[in-house]
Number of protein chains: 2
Amino acid sequence: MAASFLSKHKHIILYGVCLALLLFLLKWLELRLIIINHAFEMYIGAIAVIFTALGIWLALKLTKPKVRTVIVEKEVYVQHGGEFTLNEQELQQLGLSSRELEVLQLMAAGLSNQEIAGRLFVSLNTIKTHSSRLFEKMDVKRRTQAVEKAKRLRIIP
Amino acid sequence: MAASFLSKHKHIILYGVCLALLLFLLKWLELRLIIINHAFEMYIGAIAVIFTALGIWLALKLTKPKVRTVIVEKEVYVQHGGEFTLNEQELQQLGLSSRELEVLQLMAAGLSNQEIAGRLFVSLNTIKTHSSRLFEKMDVKRRTQAVEKAKRLRIIP
DNA sequence: GTAAAAATCATCCTAAAGTATGAAGCCTTT
DNA sequence: AAAGGCTTCATACTTTAGGATGATTTTTAC
């Protein structure tokens, strides 16, 4: 199929190829003419392009990369709490018993008398007695005052 | 207007002027070449040097600096005895009114409702209303819990 | 100017806190 | 063994705190 097509139109193909070659030759000659006529300018241009590229390459490769460091300070608040240092002296001075101190600590945690009683496995009345003696020793009238004073005196954290 | 245009396109204008000067220089060198025929190598060398420099300049001026963002976390330790730093975020989240916050602060100081009322020149009932709304917002049942939670959340010192 | 939020005050009621007093059991010290 | 402190518990009572609801005024936001 392909072979028969080639043999049939051999002359036409040959003519076409010759024409193409001729046009190509003409174009090439034209180009050569331009090149020959402007050989010097083109040479200079080539030099310029090559050395500009060289300059860019040198600059990019042989210099330290430009890095702009942006430092964003982010403050992180650390609730260190500051190690609690028990004020032993004040504690001694108040003369609180161990049970009273326990009650005071649970009061500071926000527990009610009933809850404290449950926590310590004693009756509500017992806690009331403890708290009364506690208030008396601490010279306060209410649990809120006791807690405030205890924190101020560093008896509890 | 004109000044801003100038400053805005400073690089372009500068480049244009440089190019013009360069062309002038080239023309002058060409003339010299005609006169001094032996300086061809020097001419080429000058071209190479100039365009290398141009390439370097271009690369340095027209490349964008890489931006590296470094986040430095700066820890801020908050000591127990140190300055109190209000936890604005938590305070906002609770949605306490200014009056409620006042009441809370006086509660933390160990004052009774009656005393708070006297301090703020309002009736006891008003303080009760405030405290009720306060407890509701803070999701607590008692003033001692409110004070404990407020101190824990750093809403009050 | 209207709607929403805040602040104020009141009444009634219940729950919790606090006072006063007494008492029993368990330690330690004298 | 007696004295004193600690813990426990109880009863009776007063005070304070807290809940529920309704209302008025003021401030704030749209």
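Computed from a predicted model, the values in this text were never measured in an experiment. Letters go in sequence order (proteins before strands), and every chain restarts at 1.
- B:Leu91 has its side chain out of reach of B:Arg154: every pair of non-hydrogen atoms, C-beta onward, lies at least 4.5 Å apart.
- Remark: C1' of D:dA17 and CD1 of B:Ile127 are 13 Å apart, rounded to the nearest angstrom.
- Contact annotation for B:Ser123: backbone-only contact, meaning every heavy-atom pair under 4.0 Å involves sugar-phosphate atoms and none involves a base.
- Backbone-only contact: A:Ser112 has heavy atoms under 4.0 Å from sugar-phosphate atoms and none from a base.
- In this structure, A:Leu120 atom CG and D:dC6 atom C1' are separated by 15 Å, rounded to whole Å.
- A side-chain donor-acceptor contact under 3.5 Å links A:Lys151 to the backbone of A:Pro157.
- Picking from D:dG19, D:dT7, C:dG18 the nucleotide with the shortest atom distance to the side chain of A:Asn113 gives C:dG18.
- B:Ser131 comes within contact range of no nucleotide atom at all, as no heavy-atom separation falls under 4.0 Å.
- In this structure, B:Arg133 places its CZ atom 15 Å from P of C:dC9, rounding to the nearest Å.
- When the nucleotides C:dA17, D:dG19, D:dT8 are ranked by their closest atom to the side chain of A:Arg143, C:dA17 comes out on top.
- The separation between B:Arg99 atom CZ and D:dT28 atom C1' is 17 Å, rounded to whole Å.
- Rounded to an integer number of Å, the gap from CG of B:Leu124 to C1' of C:dC12 is 14 Å.
- Crowding of A:Arg152 atom CZ: a count of heavy atoms from other residues, nucleotides or ligands under 6.0 Å exceeding 12.
- Between B:Ser97 and C:dA7 there is a side-chain polar atom (N or O) within less than 4.0 angstrom of OP1 or OP2.
- Counting to the nearest Å, the P atom of C:dT14 and the NZ atom of B:Lys141 are 16 Å from each other.
- Residue-to-nucleotide contacts include a donor-acceptor pair under 3.5 Å from the side chain of A:Thr129 to the base of D:dC9.
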Legend entry - Chi angles and distances behind the side chain to side chain donor-acceptor pair (under 3.5 Å) call for A:Ser132, A:Thr129: CA-CA 5 Å; A:Ser132 281; A:Thr129 306; over 6 Å; no
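- Toward the 5' end of DNA chain C, the nearer of the two residues B:Ser98 and A:Ser132, judged by each one's closest nucleotide, is B:Ser98.
- Rounded to whole Å, atom C1' of D:dG18 lies 9 Å from atom CE of B:Met107.
- Distances shown here put every side-chain N or O of B:His130 at or beyond 4.0 Å from the OP1 or OP2 atom of C:dA7.
- A:Ile156 and A:Leu120 fall within the same hydrophobic cluster, where Ile, Leu, Val, Met, Phe, Trp and Tyr residues are linked whenever their side-chain heavy atoms come under 4.5 Å apart, directly or through other members.
- Straight-line distance from the CD atom of B:Gln114 to the P atom of C:dC9: 12 Å, rounded to whole Å.
- Residue-level contact check: B:Asn125 touches the bases, meaning some heavy atom is under 4.0 Å from a base atom.
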